[in-house]
Number of protein chains: 2
Amino acid sequence: MPSFLEQASDAIRQSGGRMTGQRQIIVNLLESATGQLDVDDLHRLARKQDQHISLATVYRTLNVLEDAGLIQPRYQSPEHEHKYYERVGSGQVYHFTCRVCRKIIPFHSELIQELKHHLSKQLDLEVLNACVCLDGLCPECQKQQAQTDR
Amino acid sequence: MPSFLEQASDAIRQSGGRMTGQRQIIVNLLESATGQLDVDDLHRLARKQDQHISLATVYRTLNVLEDAGLIQPRYQSPEHEHKYYERVGSGQVYHFTCRVCRKIIPFHSELIQELKHHLSKQLDLEVLNACVCLDGLCPECQKQQAQTDR
DNA sequence: GTGAATGCAAACCCTTTGCAATGTT
DNA sequence: AACATTGCAAAGGGTTTGCATTCAC
């Protein structure tokens, strides 16, 4: 199994592109990321390795990787205030955002997989990406709301 | 059951706001909308009733209604290229977007309701809004792809 | 009459793009 | 050497905002 960097190099070269130092840095950040990285995270982290890497380069690299089908943009709340990037096929974690305290609660559910299967069978759709973002009230803010309602 | 216009008037007044002619037009458009209206749709349609209504007013009105909890912004594809507005509680239709031909296929699924229940029971979350956007290949584009792969 | 809402234009934020310089192959 | 990529700064697109005027209450 090739590393993500190898995958990315191959994919980029295949389409006539080149693997540069800046791109390597960004690819490695995306590979090692435990969490979800947004453009500014990537820019900030990349600068630690290359002082002069520009935001434009981060954007361009992300677009190249997205076009190559290696990463996908994702969101955490229905308002889509936070866009981040993730490797395709990385274990899908979905997110619930509290409307009051903005806390983000990740969750996983087999129901989403089930939904994909249903659509495949019933409507003959091949689902490649699913955005499932929820929001509402977290347990703590539900309690607080109940109190102020009194 | 009060009309949407009455609901909106009440909610706006309750927060110290005022119901204006422009806001009435927009509220009525949102009520009678069969489909999904985006900002430009609303602006265009509103202009037919009031030549001089500005885009800023449409935006401000939508924000007021959203803050009042009467409408919600929604999206059709995971890329979130198209933002539209919908009354809260209106029959939830979700969307699948074909990556190739950009066709949009609406669908409904009880699995989403089930997901909300699961989260309520397991994590004690009160889900108020769910964004479920899928994309991939529609039946036609799957066939075409199979052909070019040959 | 008071203060909220409007229209306009300018400001904003995030993202993309044109261009000369640099780096990869 | 050819040409893709970079950094910079400027341009873009969609949304918000400051201000004087208008309008709802």
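A note on names: the letters A, B, ... follow the listed sequences, proteins ahead of strands, and every chain is numbered from 1. Just so you know, these numbers come straight off a predicted model, no measurement behind them.
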Review point. Would you call B:L134 and B:T97 a side-chain contact if the rule is heavy atoms closer than 4.5 Å?
Key: no
Point to revise | pair A:Y85-A:L30: side-chain heavy atoms closer than 4.5 Å | key: yes
Check your understanding: What about the rings of A:H82 and A:Y75, do their centers lie closer together than 6.0 Å?
Key -> no
Point to revise | Rounded distance (Å) that lies between atom C1' of C:dT6 and atom NE2 of B:H52 | key: 12 Å
For residues 45-52 of chain B, tabulate all N or O donor-acceptor pairs below 3.5 Å that involve a side-chain atom, not counting sequence neighbours.
unit_1: B:R47; atom_1: NE; unit_2: B:H43; atom_2: NE2; d: 3.3
unit_1: B:R47; atom_1: NH1; unit_2: B:Q51; atom_2: O; d: 2.9
unit_1: B:R47; atom_1: NH2; unit_2: B:H43; atom_2: NE2; d: 3.4
unit_1: B:D50; atom_1: OD1; unit_2: B:H52; atom_2: N; d: 3.0

Review point. Can you tell me how far C1' of C:dA10 sits from CG of B:L55, to the nearest Å?
Key: 15 Å
Point to revise | A:E81/A:R102 salt bridge by N-O under 4.0 Å criterion | key: yes
Check your understanding: Going hydrophobic residue to hydrophobic residue with side-chain gaps under 4.5 angstrom, can you get from B:L128 over to B:L62?
Key -> no
Review point. Under 4.0 Å between a side-chain N/O of A:R60 and OP1 or OP2 of C:dT16, yes or no?
Key: no
Check your understanding: In whole angstroms, how far is the P atom of C:dA5 from the CG atom of B:L62?
Key -> 14 Å
Practice item. Determine whether A:F107 and A:V93 fall in the same hydrophobic cluster, where Ile, Leu, Val, Met, Phe, Trp and Tyr are linked whenever their side-chain heavy atoms lie under 4.5 Å apart. Key: no
Exercise for review: Would you tell me if any nitrogen or oxygen in the side chain of A:Q22 comes within less than 4.0 Å of OP1 or OP2 on C:dG23?
Suggested key: no
Revision key, fill the gap. Sorted by position of nearest nucleotide on DNA chain C, 5' first, the leading residue of B:A56 and A:A56 is B:A56
Practice item. To the nearest Å, give me how far apart OH (B:Y59) and C1' (C:dA5) are. Key: 18 Å
Revision key, fill the gap. Sorted by number, residues from residues 13-20 of chain A placing a heavy atom under 4.0 Å from DNA chain C are A:R13, A:R18, A:M19
Review point. Can you find a side-chain donor-acceptor pair between B:R99 and A:N129 that sits under 3.5 Å?
Key: no
Check your understanding: Between B:E79 (CD) and C:dC14 (P), how many Å, whole number?
Key -> 20 Å
Exercise for review: Identify the 5'-most and 3'-most nucleotides of DNA chain D with at least one atom closer than 4.0 Å to a non-hydrogen atom of chain B.
Suggested key: D:dG14 to D:dC25
Point to revise | Close side-chain approach of A:V132 and B:L115, heavy atoms under 4.5 Å | key: yes
Revision key, fill the gap. Separation of C:dT6 atom C1' from B:Q51 atom CD, nearest Å, is 16 Å
Practice item. Rounded to the nearest angstrom, tell me the gap between atom CG in A:D40 and atom P in C:dC13. Key: 12 Å
Review point. For the pair made of CD1 in B:I53 and C1' in C:dT6, what is the distance, rounded to whole Å?
Key: 9 Å
